[in-house]
**Student:** 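Got a structure here, written out as structure tokens. Questions coming.
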Amino acid sequence: MYARALGTIGIGMVIPLIGIAAAQASFGALTGAPAGPAEFFYFRPTAAQAELACATRSAASALCGEIDRIAWLRQASVWSAAALVLVIAVFLTLAAIAGASRRLNATLFPPLMPLTTLAVAALVFVHGAIITYCVYLFEIANFGQSYWWAPAIVGGGALLGATSLLATLRSANRDAPQPVLGRAVGREDAPKLWAHVDGLADALGAEKPTNILVGLEPTFFATAAPVATPERPEPLDGETLYLSLPLLRLFTKAELNAVLGHELGHFRGGDTDYSMRFAPVYRSLVKAIHALEGDDGRVDWVAAIPGSMILKLMLEAFGRNERRISRDREFEADRAGLEVSNAEGLGLSLAKVAVYAPSATPSRPPRLTRFPARLLM
């Protein structure tokens, strides 16, 4: 991950370095001042410097305005480079501090995600402005005039990318319910099933599910996030337990108890509160990446490449912590399954799922926008 962070910083520095080099060269061409590498730290882009440069020439307002814009170009390039390093350093530091702690991850990531997305949107916009002005300076230096469409295309792409990122922030608090292909079974529809599940929950000291869904997907999961089903116009709220009808036919009672105990164990281990706070942040991050890359997974605008890489680095750090937490959560849930069953039942149920699930799951191409099942518990 840290190698990827260094690679992200390296690529992210390309646009600021181009901006600094263009500012150095243009400032030297306009004022006759040295513009080589040795003069980098002696370049003072201030109003006083611009006034001095203007006084040595004809003091034309156009020249003074151009010097001011070049000074802005260099300042923006330097500060955007510093901001890029700072954003990456802060995020990786907090991710390392959070580690495998559910409490720290659930506390740090929800506010960090919108702040980082906002910072990345600002970087995309500034990088777009830098490239746009560099294209303008290149055209002036080589062709004696600027063709408006070239800077407009570059700047428009960066503006579109930054706007798309900001749009993901607006929708972050209106997270859509997780779609599930299944049917809700009420207590009056399957009283024996509900009684059995309630009894296991009482034995474990776990919360009883609010909803039970049955479906053809070869999986079991428990979640406290809103769930949308094809048969209902409104999403299901509260704790939801999903049961696979094909797998239920394969289980003995001991194996079924092990699986149900495992899933109900998530309701007693604080997993539901953790997932309710953690999962929406994950989805928001995936949406932010999708906003820059589009449906084809490619970044079409040069200015958006560093921003996309930063968000993917965040996703990697985010996912690394989540995987560590997920292992601990699954071990705790397995212990709950053993409490209401036995080792043989738990082992055989896992073996049957492992053998049957691949043949029953339709082939799907991997997509970044597909929500990881482990966050559904």
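Throughout, numbering of the chain's residues begins at 1 and tracks the sequence.
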**Student:** Between His127 and Leu84, is a side chain to side chain contact (heavy atoms under 4.5 Å, CB included) present by the stated rule, with each step listed?
**Tutor:** CA-CA 11 Å; His127 282 181; Leu84 183 140; 4.2 Å; yes
**Student:** How would you list all residue pairs meeting ring pair (Phe, Tyr, Trp, His ring centres under 6.0 Å) that involve residues 226-246, not counting sequence neighbours?
**Tutor:** Phe221-Tyr242
**Student:** For residues Val180 and Pro230, report the shortest heavy-atom separation together with the two atoms involved.
**Tutor:** O-CD, 3.5 Å
**Student:** Applying the 4.5 Å side-chain criterion to the ILVMFWY set and letting contacts propagate, would Leu86 and Leu112 be lumped into a single cluster?
**Tutor:** yes
**Student:** When the ring planes of His266 and His262 are compared, do they come out parallel, tilted or perpendicular, using 30° and 60° as the limits?
**Tutor:** perpendicular
**Student:** Salt bridge check: are Arg187 and Asp198 linked by an N-O gap of less than 4.0 Å?
**Tutor:** yes
**Student:** What distance do Leu241 atom CG and Glu207 atom CD have between them, rounded to the nearest 0.5 Å?
**Tutor:** 13.5 Å
**Student:** Side chains of residues 252-259: which donor-acceptor pairs under 3.5 Å do they make with residues two or more places apart or in other chains?
**Tutor:**
{"residue": "Thr252", "atom": "OG1", "partner": "Glu255", "partner atom": "N", "Å": "3.3"}
{"residue": "Glu255", "atom": "OE1", "partner": "Thr252", "partner atom": "N", "Å": "3.0"}
{"residue": "Glu255", "atom": "OE1", "partner": "Lys352", "partner atom": "NZ", "Å": "2.8"}
{"residue": "Glu255", "atom": "OE2", "partner": "Lys352", "partner atom": "NZ", "Å": "3.4"}
{"residue": "Asn257", "atom": "OD1", "partner": "His196", "partner atom": "NE2", "Å": "2.6"}

**Student:** For Glu339, is the CD atom crowded, meaning more than 12 foreign heavy atoms sit under 6.0 Å from it?
**Tutor:** yes
**Student:** Does a sphere of radius 6.0 Å around CG in Leu17 hold more than 12 heavy atoms from other residues, nucleotides or ligands, not counting ones at 6.0 Å or beyond?
**Tutor:** yes
**Student:** Is Glu231 atom CD crowded by more than 12 heavy atoms from other residues, nucleotides or ligands, each under 6.0 Å away?
**Tutor:** yes
**Student:** Is the count of non-hydrogen atoms from other residues, nucleotides or ligands lying under 6.0 Å from Glu344 atom CD greater than 12?
**Tutor:** no
**Student:** For Ile70 versus Ala23, what's the shortest heavy-atom pair and its separation?
**Tutor:** CG2-O, 3.4 Å
**Student:** Using a strict 4.0 Å threshold on nitrogen-to-oxygen distance, state whether Glu322 and Arg327 make a salt bridge.
**Tutor:** no
**Student:** Indicate the atoms forming the closest heavy-atom contact of Thr117 with Ala288, along with that distance.
**Tutor:** CG2-CB, 4.3 Å
**Student:** Using atom types as modelled, flag every donor-acceptor pair under 3.5 Å from a side chain in residues 88-101 to any protein atom, sequence neighbours excluded.
**Tutor:**
{"residue": "Thr93", "atom": "OG1", "partner": "Ala89", "partner atom": "O", "Å": "2.7"}
{"residue": "Ser101", "atom": "OG", "partner": "Leu104", "partner atom": "N", "Å": "3.2"}

